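All residue numbers in this chain count up from 1 along the given sequence. Computed from a prediction, not measured in an experiment: that's the story for all the values here.
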Amino acid sequence: MEKVFINRNEWAESRFYTKHANALSIANVWIIPLMQKFGVAVNFNSINDYLGANTRDLFIDEIIRSRVKGVLWPAEMKRHQAEAENTFDKALLEVIESGDRIKNHKAEYDKARQDYEDKKRELAEQRENAFAQARKDEITREISSISEYVARLDINEAESRREIIEDEKRAFQQAAEEAHNLEPIRDYIKFEGGKIEFDEQKVIAKFAVYADNKKEVKLYEKVKQLAALINEVYGGQFGVPTAFYHFFSVRDGRVIISPEIKKEILEKYAKNM
């Protein structure tokens with residue numbers, strides 16, 4: 001028989017995303033961009049390989065392998081190690097500088113600097129049109145102060161940029177030492193726009209709840225009928241968690257009519273009939 005959709009298990013979906021999101025982030029932020037830098041084929045298996053071991057060492061081995069065009073003999077590795085590490089560090093810096101944190105930082109800096117320049121231009125026009133020398137001098141001082149702000153902004157921008165780069169290097173190193181395995185979720189991810197992403201529809205299907213036999217379907221129909229009856233009795237006034245116990249009680253594991261039904265309760269809910 002055809003399965004009957006009951007609902008999405010959103011709690012299980014959330015757990016799934018939380019468990020695997022970090023691996024996808026590492027792949028997208030670090031591994032795929034570095035693969036592209038060094039001409040490594042970007043596919044599921046290669047990404048998974050670089051996620052499963054010390055990522056930095058794997059890339060350095062790949063750089064040396066491309067240099068010697070053959071087997072990585074110990075002597076060859078030793079001879080090329082320093083150069084390969086330097087090549088990798090330059091590539092990592094390029095990835096960081098093209099990453100979202102640096103882009104966002106630059107956008108904020110550019111906006112702040114443009115605001116200052118716009119203000120200076122506005123003040124320069126006011127000074128041009130001012131008649132009193134005292135006002136011209138006042139505006140000149142304002143422009144000078146703004147120029148000082150811009151100078152400090154430039155210094156702070158350079159320092160902040162260096163801090164972000166060092167922070168991102170530490171973030172990469174931590175990510176490079178983590179081991180992840182995408183094999184268990186191979187069927188629930190996809191490549192989209194040069195990145196690896198969750199296939200949300202497949203994740204929803206994985207954790208959806210279905211009735212897939214006649215008894216489960218029959219049970220679900222009864223549950224729907226029960227919900228309809230409860231709503232009819234309570235008339236959309238089921239906000240209080242204990243409202244059910246106005247009419248029902250539990251004895252020996254079975255629901256019974258409560259022996260303590262009050263007259264005012266009868267009067268209240270009879271209005272819904």
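- Judged by the 6.0 Å distance and 45° axis criteria, Lys3 is positioned over the aromatic ring of Tyr210.
- In this structure, Phe207 has its ring center closer than 6.0 angstrom to the ring center of Phe16.
- Between Lys119 and Asp115 there is no salt bridge, since no side-chain N of the basic residue sits under 4.0 Å from a carboxylate O of the acidic one.
- A salt bridge is absent between Asp187 and Lys206; no separation between the charged side-chain nitrogens and carboxylate oxygens falls under 4.0 Å.
- Side chains of Arg67 and Thr87 form a contact here, defined as non-hydrogen atoms less than 4.5 Å apart.
- Between Phe38 and Phe59, the angle of the ring planes lies from 30° to 60°, which puts this pair in the tilted group.
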So Thr55 and Ile26, side chain to side chain contact (heavy atoms under 4.5 Å, CB included) or not? Walk me through it.
CA-CA 10 Å; Thr55 303; Ile26 292 171; 5.7 Å; no

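- Two residues are said to be in side-chain contact when any heavy atoms from C-beta on lie closer than 4.5 Å; Arg170 and Asp167 meet this criterion.
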Could you walk me through whether Glu166 and Lys169 pass the salt bridge (Lys or Arg N to Asp or Glu O under 4.0 Å) test, one step at a time?
CA-CA 5 Å; Glu166 291 305 312; Lys169 286 180 179 178; 3.6 Å; yes

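- Between Ile204 and Gln201, the closest side-chain pair of non-hydrogen atoms falls below 4.5 Å.
- Side-chain polar atoms of Glu13 and Asn9 form no donor-acceptor pair below 3.5 angstrom.
- Residues Ile265 and Lys262 have side chains in contact (heavy-atom distance under 4.5 Å, counting atoms from C-beta outward).
- Side chains of Tyr109 and Asn156: a donor-acceptor N/O pair is absent below 3.5 angstrom, by distance only.
- Ser14 places no side-chain N or O within donor-acceptor distance of the main-chain N or O of Glu10, the cut-off being under 3.5 Å.
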Assess whether side chain to side chain contact (heavy atoms under 4.5 Å, CB included) is satisfied between His180 and His20, documenting all intermediate values.
CA-CA 9 Å; His180 296 277; His20 300 291; over 6 Å; no

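- Classification of Asp110 and Arg113 as a salt-bridged pair fails, no side-chain N sitting under 4.0 Å from a carboxylate O.
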For side chain to side chain contact (heavy atoms under 4.5 Å, CB included), just list the numbers for Arg186 and Asn45, CA-CA rounded to whole Å, side-chain angles, deciding distance to a tenth of an Å, and then say yes or no.
CA-CA 10 Å; Arg186 178 192 282 264; Asn45 290 332; 3.0 Å; yes

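- Classification of the Phe172-Phe88 ring pair by plane angle, with boundaries at 30° and 60°, yields tilted.
- Note on Ile185 and Phe44: same hydrophobic cluster, where clusters join Ile, Leu, Val, Met, Phe, Trp and Tyr whose side-chain heavy atoms are under 4.5 Å apart, directly or indirectly.
- The number of heavy-atom neighbours closer than 6.0 Å to CD of Glu260, taken from other residues, nucleotides and ligands shown, is 12 or below.
- By the neighbour-count criterion of 12 heavy atoms within 6.0 Å, atom NZ of Lys190 is densely surrounded, having more than that number from other residues, nucleotides or ligands.
- For Asn22 and Ser25, the side-chain atoms include no donor-acceptor pair closer than 3.5 Å.
- At a threshold of 4.5 Å between side-chain heavy atoms, the hydrophobic network of Ile, Leu, Val, Met, Phe, Trp and Tyr places Val209 and Trp11 in two separate groups.
- The aromatic rings of His246 and Tyr234 are tilted relative to each other, their planes meeting at an angle between 30° and 60°.
- For Arg135 and Glu142, the salt-bridge test passes: some basic side-chain N is under 4.0 Å from an acidic carboxylate O.
- Annotation: side chain of Ile257 is in contact with side chain of Phe248 (closest heavy-atom distance under 4.5 Å).
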Could you walk me through whether Leu93 and Glu97 pass the side chain to side chain contact (heavy atoms under 4.5 Å, CB included) test, one step at a time?
CA-CA 6 Å; Leu93 179 59; Glu97 289 180 332; 3.9 Å; yes

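- Hydrophobic clustering keeps Leu219 apart from Ile6 (ILVMFWY residues linked when any side-chain heavy atoms are closer than 4.5 Å, directly or through intermediates).
- The shortest side-chain heavy-atom distance between Glu117 and Lys120 falls under the 4.5 Å cut-off.
- A salt bridge does not link Glu221 with Lys218: every distance from a Lys NZ or Arg NE/NH1/NH2 to an Asp or Glu carboxylate oxygen is 4.0 Å or more.
- Contact annotation: the side chain of Ile32 never approaches that of Tyr50 to less than 4.5 Å [non-hydrogen atoms, C-beta and beyond].
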